[in-house]
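To start, the structure itself, in structure tokens.
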Amino acid sequence: MLTLGQRFWKNKTAVICGLVLIIICMGAVFAPVLAPKDITQMDNAHRMQGSGDGYLLGTDQFGRDLLSRIIYGARTSLTVGICSVAISAFFGTMLGLLSGYFGRWIDTIIMRTMDILFAFPEILLALAIVAALGPGTYKTILAIGIVNIPVFTRTVRGAVLSVKNLEYVESARAIGQKTSRILFLEIFPNIQAPLLVQASIAISGAILTESALSFLGLGVQPPNPSWGGMIAESRRYMELAPGMIIWPCLAMTLTILAFNLFGDALRDLLDPKHRSR
Amino acid sequence: MKALMEVKNLKKHFPVKSGFSKKAMVKAVDGLEFTVYEGETLSIVGESGCGKSTMGRCLLRLIEPTEGQILFEGQDLMQLSPEEMRLRRRDMQLVFQDPFSSLNPRKTIRQILMEPLIVHNIGNTAEKKAKVEWIIEKVGLSPDYLNRYPHEFSGGQRQRVGIARALILQPKLIVADEPVSALDVSIQAQILNLMHDLQKEFKLTYIFISHDLSVVKHISDRVAVMYLGKIVEIAHKSKLYQSPQHPYTKALLSSVPLPNPDVKKERILLEGDLPSPSNPPTGCSFHPRCQNAVEACKNRAPILEEKADHHLVSCHLIEKR
Amino acid sequence: MKSLLDIRNISIHFKGDHEKVNVVHDISLQVNPGEIVGIVGESGCGKSVTSMSILRLLGRNAEVKGEIFFDGRNLLEISEKEMRKLRGNGISMIFQEPMTSLNPLHTIGKQIGEPLLRHRNMSKSDRKSRVLKLLNEVGIPRAEEIYEEFPHQLSGGMRQRVMIAVALACDPALIIADEPTTALDVTIQAQILELMKNISRQHQTSILFITHDLGVVAEMCDRVIVMYAGQIVEHADVAALFRKPKHPYTVGLLNSIPDMAADKERLVPIKGHVPSLRNMPSGCRFFERCDHAMDICRQEPRMFADGTHECRCWLHADEEGRP
Amino acid sequence: KPAANETPTTPSTTTTTAPAKSNQPMEMNIATDQDPVGFDPHKVPAASSLRIYSLIYDTLTRLDADLNIIPSLATKWTVSPDGKTVTFDLQKGVKFHNGREMTSADVKFSFDRILDAKTAALAKSYFTSVEAIETPDPYQVVFKLKNIDSALIANVTSIYTAIVPKEVADLNKEMVGTGPFKIGAIEAGQSVTLTKNPNYFVKDMPKADTIKFRVMKDEAERLAAVRTGKVDLTTVSADSAKLLEKTKGVTIQDYQTMEYGYLGINTTKKPFDDVRVRQALSYAVDRSEIVKTVWKDQGQVTGPISPVQKAYALNASDLPKKDIDKAKQLLKDAGYEKGFETVIQTASTYPDMIESAQVIQQQLKAIGINAKIEQLEWAKYIETWKSKEMTLLIGRNTAGTDPDRSLRFFFSTSGGANVWNYSNKDFDALTQKALETNDLEQRKKLYVDAQKMLINDSPNLFLASPKYFYAVSERLDGFVPNAASEAYAIMKTAIKNK
Amino acid sequence: MVSYIIKRLAGLIPILIGISVLVFLILHLVPGDPVLIMLGTNATDEAVSVLREQLGLNKPLIMQYLNWSLHLLQGNFGESVHTGNAILPEIIKRFGITLQLTLLASLIGWAIAIPIGMLSAVKSGSTTDIIGRLIALLGISVPNFAVGTLLLLVFSLYIGWFPPMDFVNLWDDPFESIKKLILPAVTMGIVMAAGVMRMTRSTFLETLGKEFIRTARAKGTPEWKILFEHAFRNSAIPIVTIAGMQFGYLLGGSVIIEQLFSIPGLGQYILDGIHQRDYLVVQGGVLFVAVVFVLINLAVDIVYSLIDPRIKY
Ligand SMILES: Nc1ncnc2c1ncn2[C@@H]1O[C@H](COP(=O)(O)OP(=O)(O)OP(=O)(O)O)[C@@H](O)[C@H]1O
Ligand SMILES: Nc1ncnc2c1ncn2[C@@H]1O[C@H](COP(=O)(O)OP(=O)(O)OP(=O)(O)O)[C@@H](O)[C@H]1O
Ligand SMILES: [Mg+2]
Ligand SMILES: [Mg+2]
């Protein structure tokens with residue numbers, strides 16, 4: 001039997017998407033080095049122009065360099081995606097573990113609460129949270145993070161339910177292990193796979209939600225660029241300067257596709273049934 | 001012989017959801033009575049779904065019995081608080097049927113074996129380490145294997161790890177829930193031999209759950225036959241196999257295919273299937289499949305009585321000798 | 001007598017992600033009309049793969065070499081359409097898991113009727129009466145009601161009977177039964193085995209019976225084939241095999257079974273374990289585990305015949321076989 | 001949404017061509033970006049509501065396209081010599097849409113309603129000088145004042161002082177005015193239809209038979225609608241106007257608004273409590289760049305009174321110019337040589353505000369001020385505005401039809417919209433004096449002084465007054481937008497048959 | 001079955017109480033004051049306090065909540081602060097509109113997703129699989145407002161097929177209605193498609209690996225019949241689940257698309273309510289959406305029992 005790592009390298013989709021993601025992440029991390037221009041520097045003489053005059057991808061309505069803004073945008077968008085998913089994954093995991101393992105009234109309370117959150121239209125909830133906390137990258141992260149908690153709770157709970165009746169969990173109880181150790185040492189390591197898959201897919205969802213918030217004017221604050229913000233803003237200039245919307249859209253598409261396909265590939269890799277075929 | 005564990009009127013009913021108003025109950029275990037003596041192997045046989053595993057889990061209070069008493073060395077386990085029970089489990093351990101799902105795939109063998117020692121805080125780090133290495137050799141594996149993960153082992157090897165995990169606390173009682181039924185015959189033989197040797201060495205008491213009558217015959221001292229949550233017959237192995245009393249036991253024994261084409265057995269073919277434990281027949285639960293059933297069997301449930309010397313049977317038709 | 005099924009030297013490879021593994025190696029066997037032939041062997045030795053290759057049910061990643069003659073036609077060469085005509089019609093199959101081998105969403109009647117629909121072009125009412133007859137034949141009471149019921153409403157034993165009814169629907173000449181009773185209880189198993197024996201007797205149906213339970217084989221079969229690590233190691237009449245097993249593996253297998261008749265203090269397991277498919281020894285595949293291993297065993301033995309008792313072991317090499 | 005226009009009116013005389021006679025009812029489709037939220041002209045300031053009820057109600061006086069006050073429901077008004085009594089003579093024979101004649105009782109009812117605290121009317125603060133309203137005659141209304149109020153006549157041009165019938169209990173549900181159009185079908189979230197008032201008291205008005213306001217929230221859709229002829233009239237942004245210039249069948253009409261964008265400064269919050277810091281900001285900001293970037297060159301630099309009000313607006317030369325050295329010097333004097341960190345808040349709903357914020361943020365960097373931008377959701381924005389606790393806040397004002405409104409309301413110590421905690425006794429005195437002066441020349445001089453005082457104290461930085469654009473389909477004839485009132489332009493617009 | 005439905009509906013009660021409390025709290029804790037929004041920047045302090053008192057907003061929160069929920073129990077959702085219009089009829093009307101949009105969007109989404117998902121599963125690992133998945137995923141890799149704007153630009157403006165127009169009910173004039181709804185429905189549909197496609201692919205993969213599929217093959221059933229007669233229904237439950245979830249979700253959450261295409265739907269109504277802090281509108285609207293959401297889940301559960309005879313309530 002091959003190890004997961006070996007199988008990973010055999011899976012072309014996983015490798016390609018992984019590489020794309022690494023490149024994007026590197027771009028985000030090294031934005032200050034990579035970006036050719038200052039992202040806030042306005043250039044009155046070169047507003048909304050196409051490629052040229054030292055602007056590789058052209059400029060926006062203030063004459064700021066699009067390429068640099070897209071590179072920095074990766075930073076914001078990925079931060080929002082990853083951090084918000086980290087929040088939802090953390091709380092979702094905790095709640096899902098408790099709910100799935102203990103069942104009964106704990107399960108009922110947690111899951112009904114999740115139902116409540118879930119039945120609440122996502123954008124409205126995010127909107128309410130941002131409106132309450134005020135705008136800004138961290139608030140956006142928090143809002144999106146909270147909104148996604150129910151999804152993770154459900155995923156984790158489902159995984160816990162499938163694991164908790166396995167005999168190794170029972171054997172842990174049989175040797176007298178404490179509940180907390182069972183939860184974190186026996187069960188948690190075994191639900192990482194669905195969690196990981198869910199997370200990789202949720203990141204792209206979070207990037208999209210940020211853009212929706214930007215559309216409603218409540219995303220990341222200017223002049224910090226986020227892809228969603230850039231797309232929302234440049235919609236007004238779609239016909240006048242199509243480049244302004246095309247480039248950030250491309251960046252976002254690539255990233256989201258990569259995350260999604262990577263998540264799917266992970267699912268295939270981690271699914272023992274799928275493997276045998 | 002000293003009784004290690006006495007079980008009295010043990011019941012476990014699972015509520016099953018069906019509809020809104022009526023709450024059906026699966027009577028997985030429905031009034032078990034037996035005693036396990038120190039150093040012996042008591043086997044529990046019965047067809048799939050008759051409640052063997054449920055019973056095993058109830059004995060360790062891994063699931064809460066609905067009713068009944070479990071006296072372990074005279075102490076009623078049912079009276080213990082969850083925390084006390086947790087600590088008491090040091091003396092009673094479980095070996096599982098499935099060597100694949102009973103080991104956490106994310107832990108090394110060392111971690112798996114270390115865990116019981118950590119939980120019960122036995123010895124310092126060096127002692128723990130030594131103990132792990134000692135036990136792994138006892139079950140016939142090399143200590144080199146300790147740093148590997150379960151998926152790197154064959155089924156038989158995993159089952160050895162499972163046994164090592166149960167043994168490392170040096171318990172008094174081991175409940176083995178079909179420990180060999182997932183294994184190939186040749187590996188099964190290895191494990192049965194191992195269990196036999198370990199029993200000798202550590203003076204273990206086994207409750208051995210199985211549906212394989214030939215395996216049971218090989219390993220046990222006494223055998224209890226279960227049918228639909230109840231024990232229908234319990235006796236010393238030789239008595240049970242030579243002169244089975246209960247009609248179900250007889251049918252069971254005659255159904256076992258023997259690897260010997262020359263022996264042409266009289267086969268007792270039962271009619272119909274195992275009834276559902278959520279809706280057991282009235283009276284004697286075996287009566288719908290019993291060829292000898294009389295009117296009384298339908299109306300009155302028989303009780304498990306001593307019909308001959310140390311031979312308990314639950315059947316109206318068997319006369320007390 | 002001409003064999004109904006004649007498998008000649010088939011080998012099966014699976015193309016994995018990056019390597020090709022050989023799971024079945026040079027297997028030949030014959031099944032005569034009305035005969036029950038058993039295949040035994042430990043888990044993973046290639047029993048199911050062999051049986052599935054007959055109906056070409058292995059996935060796309062399987063590569064089958066050799067010849068499989070059924071009724072004079074090589075099944076590995078006919079078109080997919082022809083093959084489909086044969087499945088469920090000339091050859092039927094019964095699988096191990098009665099719980100999962102039936103479509104949970106179709107009624108029993110529909111599932112038993114399906115082969116009739118595919119192959120017999122019968123009207124609906126004809127189909128129904130045929131299905132009811134089949135249900136009676138396999139001993140299912142309340143056939144009319146069961147006809148409309150779903151698999152989950154039946155017990156394991158009844159489901160396996162349904163599987164048998166499916167297999168019988170088109171009066172096949174050959175039934176391949178892949179561990180049909182492994183998932184069942186002994187009392188139920190006894191019922192099913194009895195049923196299958198009767199069917200074979202009444203319809204002159206041949207059965208290729210796959211199992212790992214030597215006891216079942218002893219009870220059911222006329223001839224037995226013992227497989228080990230993708231090869232046939234022994235082939236004999238049932239009585240001969242159990243009375244005088246030749247191959248050390250067969251001997252070992254018999255020894256490791258707890259014997260109901262005799263009380264043994266200790267069982268005698270076979271030492272070591274099955275070599276991995278990717279790492280087969282070049283000579284005798286049982287070499288490492290064999291108590292009688294000799295130098296010559298490093299060369300691959302062929303099947304040596306002693307009358308009808310064949311065995312792949314140098315210990316039993318006939319005159320011309322000896323090097 | 002806020003009131004974009006505060007004081008629109010309708011004209012009393014007209015000289016446009018007669019509409020093409022046709023039996024077909026002529027419908028004008030107007031795209032509107034928001035659903036109206038109520039129709040009570042005394043209470044609802046939302047622009048989406050206002051552009052509709054402006055067509056339903058009339059006021060006593062109104063403004064013409066050049067912002068001159070002209071008669072409407074009042075044919076004539078006289079101010080007593082002491083300036084404390086104002087008499088309006090009403091137009092006779094004006095009928096409400098329900099057929100009843102409008103009389104002075106309705107006028108008194110309307111103003112009493114406005115002045116009643118329980119109504120919470122928008123225009124109440126306009127009339128602090130009013131002592132009593134008398135109706136000596138069905139066609140005469142007399143306002144008794146506590147003091148001279150030179151803005152009164154201008155203030156009654158505001159549609160917030162619309163004359164409503166006294167018998168209607170809930171003006172949100174029943175819309176009965178005297179105006180050129182009657183209310184028709186209302187489809188919440190979709191459209192509001194108005195039909196022509198055949199008995200309108202102004203002859204030959206209005207030209208269109210029906211007007212349908214169709215809610216189209218997204219500019220992309222409005223653009224598509226006007227370009228495909230599904231809509232005859234819509235406001236568009238400067239960018240889109242440029243885009244539409246070449247589109248067949250659509251013309252672009254623009255007008256200079258009375259609105260201006262500003263950067264509001266909390267004059268009590270450190271470090272902006274120091275006038276030098278505020279002045280430094282003023283010198284650091286290049287307003288012409290805002291005109292260029294934010295308004296795409298379609299606007300003018302402005303003072304506290306927008307350039308449209310030619311009579312009172314400051315000359316361009318009196319407005320502050322960018323001077324970084326001076327700004328730095330001022331900061332140094334104030335003790336902030338190294339600059340400081342601060343926050344610019346803006347409303348998330350308006351792209352121009354967000355863009356202004358970004359330009360200003362960039363410009364402030366030059367003098368070492370690092371500002372963070374915070375977009376606030378509209379409700380939060382209003383609350384922040386009202387709280388008087390903001391630091392720097394971007395906003396947009398309508399300067400008002402009368403300089404009194406432009407200055408006293410926004411900047412006097414007790415001004416209703418003075419949320420900047422700005423308090424200057426001299427300024428208060430100047431504006432009060434101007435209010436009580438009926439002499440035009442005198443008034444103008446006082447207001448120029450007051451404006452200069454504001455620019456020097458810089459409680460707000462007045463940025464730019466934009467031009468607004470309409471895309472007009474060629475079906476429409478005679479639509480000429482103006483700063484005073486959209487209703488005025490619409491009423492005069494005829495529809496050509498295809 | 002009936003008792004099951006009653007039980008599920010009873011289960012709605014705590015959820016509704018929870019949601020009502022949550023939405024109430026969030027709304028009242030979020031800064032922003034409906035009165036200020038109503039009066040705009042012209043508001044005098046006096047007017048603000050007068051209006052606040054008239055609207056009962058100066059009462060303690062708990063009183064306001066009790067007051068609202070008591071009215072709610074009588075089926076009275078109250079009136080909009082701004083327009084004074086009754087809320088419930090407005091919600092119902094707008095829900096009808098959203099429902100039509102969502103239905104159309106779902107049909108489009110499923111029509112794209114299910115065939116692609118099935119094809120992907122059958123050809124798992126092949127180029128067809130990868131391309132199919134990419135197509136379906138494209139829909140969720142660009143913000144839907146960008147897709148919507150693009151569609152508007154291309155189809156409405158350049159090609160002129162679906163010009164902006166008023167909304168008409170499907171039952172009044174299906175042709176006109178679809179003309180209006182098609183662009184937003186496509187925009188929403190392609191977003192939906194990704195999730196459904198993914199689920200379709202994975203469940204089909206799983207189902208095709210089941211043993212009864214092998215049984216069907218062994219009976220001589222042709223592959224395409226196996227796909228449609230055996231695999232389809234057996235894969236339906238997870239697909240129905242996610243489709244139902246998305247359906248419910250879109251019913252309450254298609255705010256941006258509604259805004260983009262001026263569809264006077266429920267999402268818009270609630271969003272406007274939020275922006276204007278029209279408390280009763282938002283509270284009523286969200287509660288309504290929640291009920292619908294739960295009812296859809298219930299409907300999905302009932303569909304389960306139609307698909308699968310093992311599921312009985
Ligand atoms: N958690 C549970 N909830 C409901 N019913 C249960 C539960 N666990 C077991 N049962 C039911 O109790 C009965 C006995 O189950 P148990 O697992 O004890 O049987 P068993 O004899 O161990 O069978 P096997 O030989 O198949 O392992 C079965 O009918 C089973 O369905
Ligand atoms: N589709 C496949 N791809 C790759 N390897 C396979 C596939 N199917 C089976 N194998 C391998 O072929 C070998 C033989 O498998 P097979 O299922 O025939 O064993 P078996 O004798 O039927 O065992 P059991 O008694 O457990 O059913 C095993 O090692 C298995 O892992
Ligand atoms: Mg069991
Ligand atoms: Mg097999």
Side-chain angles (χ1 to χ4, degrees), chain C residues 17 48 51-52 54-61 80-108 110-120 148-153 159 162-163 166-167 169-170 172 175-176 178 183, chain E residues 1 114 118-130 200-201 203-241 300-313:
Chain C
D17 283 335
S48 300
S51 65
M52 300 240 279
I54 298 170
L55 279 180
R56 290 190 5 204
L57 287 175
L58 293 171
R60 268 176 285 155
N61 63 340
E80 180 61 29
K81 206 171 150 204
E82 296 270 297
M83 189 71 233
R84 220 160 41 222
K85 278 195 198 142
L86 214 57
R87 290 183 191 141
N89 191 10
I91 309 175
S92 300
M93 202 146 177
I94 304 171
F95 296 101
Q96 170 172 5
E97 288 282 338
M99 308 291 163
T100 52
S101 296
L102 289 169
N103 188 332
L105 308 186
H106 289 179
T107 59
I108 299 299
K110 186 167 176 189
Q111 304 201 47
I112 302 179
E114 195 172 351
L116 297 169
L117 177 72
R118 303 280 171 241
H119 305 295
R120 288 293 134 91
E148 297 294 341
E149 283 180 6
F150 291 91
H152 72 274
Q153 291 164 295
R159 281 184 232 185
V162 169
M163 283 303 295
V166 171
C170 295
I175 295 178
I176 301 169
D178 187 357
Chain E
M1 181 76 125
I114 293 177
M118 282 171 68
L119 196 70
S120 268
V122 173
K123 306 247 162 184
S124 139
S126 68
T127 324
T128 322
D129 177 25
I130 293 174
T200 308
R201 177 176 181 271
T203 44
F204 259 86
L205 265 181
E206 196 178 322
T207 310
L208 289 177
K210 288 265 172 69
E211 295 177 15
F212 63 82
I213 296 290
R214 194 178 59 186
T215 309
R217 282 202 188 108
K219 289 177 187 173
T221 313
E223 280 303 306
W224 67 273
K225 283 205 171 169
I226 288 182
L227 207 55
F228 286 95
E229 287 179 15
H230 290 271
F232 197 87
R233 251 177 82 191
N234 276 288
S235 311
I237 285 193
I239 301 174
V240 167
T241 310
V300 164
D301 285 352
I302 290 170
V303 170
Y304 286 172
S305 72
L306 298 180
I307 295 174
D308 192 336
R310 285 169 295 185
I311 300 175
K312 282 246 158 51
Y313 302 119

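These values consider heavy atoms only, across backbone and side chains, with no hydrogens, waters or symmetry-generated copies. Proteins come first, then strands; the chains are lettered A, B, ... in the order of their sequence lines, and each starts at number 1.
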Problem set entry | With E:Arg217 via salt bridge (charged side-chain N to carboxylate O under 4.0 Å, His left out) - residues at least two apart | E:Glu223

Problem set entry | Nearest non-hydrogen partners of E:Ala218 and C:Met93, listed with the distance | CB-CB, 4.2 Å

Exercise. Which answer fits C:Ser92, side chain, backbone, both or neither, if we ask what part of it has an atom under 4.5 Å from a heavy atom of chain E?
Worked result: neither

Seminar exercise, completed: Residue set satisfying salt bridge (charged side-chain N to carboxylate O under 4.0 Å, His left out) with E:Asp308, at least two apart, ordered chain then number -> E:Arg310

Problem set entry | Inter-chain contacts: residues 227-237 of chain E against chain C, heavy atoms under 4.5 Å | E:Glu229, E:His230, E:Arg233, E:Asn234

Exercise. Chain E heavy atoms under 4.5 Å from C:Met83: which part of the residue, side chain, backbone, both or neither?
Worked result: neither

For this session: Identify, with sequence neighbours excluded, every residue that meets side chain to side chain contact (heavy atoms under 4.5 Å, CB included) alongside C:Leu117.
Result: C:Arg127

Exercise. Do any N or O atoms from the side chain of C:Ser101 and from the backbone of E:Thr215 form a donor-acceptor pair under 3.5 angstrom?
Worked result: no

For this session: Name the region of C:Arg60, side chain, backbone, both or neither, that has any atom closer than 4.5 Å to a heavy atom of chain E.
Result: side chain

Exercise. Which heavy atom of C:Pro104 sits nearest a heavy atom of E:Pro309, and at what distance?
Worked result: O-CG, 3.7 Å

Exercise. Heavy-atom distance under 4.5 Å to chain E: side chain of C:Leu102, backbone, both or neither?
Worked result: backbone

Exercise. Where does E:Ile307 contact chain C at under 4.5 Å (heavy atoms): side chain, backbone, both or neither?
Worked result: both

Problem set entry | Top of C:Asn103, C:Leu86, C:Ile176 for chain E proximity - count of heavy-atom pairs under 4.5 angstrom | C:Asn103

Problem set entry | Interface moiety of C:Gln111 toward chain E, non-hydrogen atoms closer than 4.5 Å | both

Exercise. Between the side chain of E:Lys219 and the main-chain N/O of C:Arg118, is any donor-acceptor distance below 3.5 Å?
Worked result: no

Seminar exercise, completed: CZ of C:Phe95 to CZ of E:Arg214, rounded to nearest 0.5 Å, is 4.5 Å

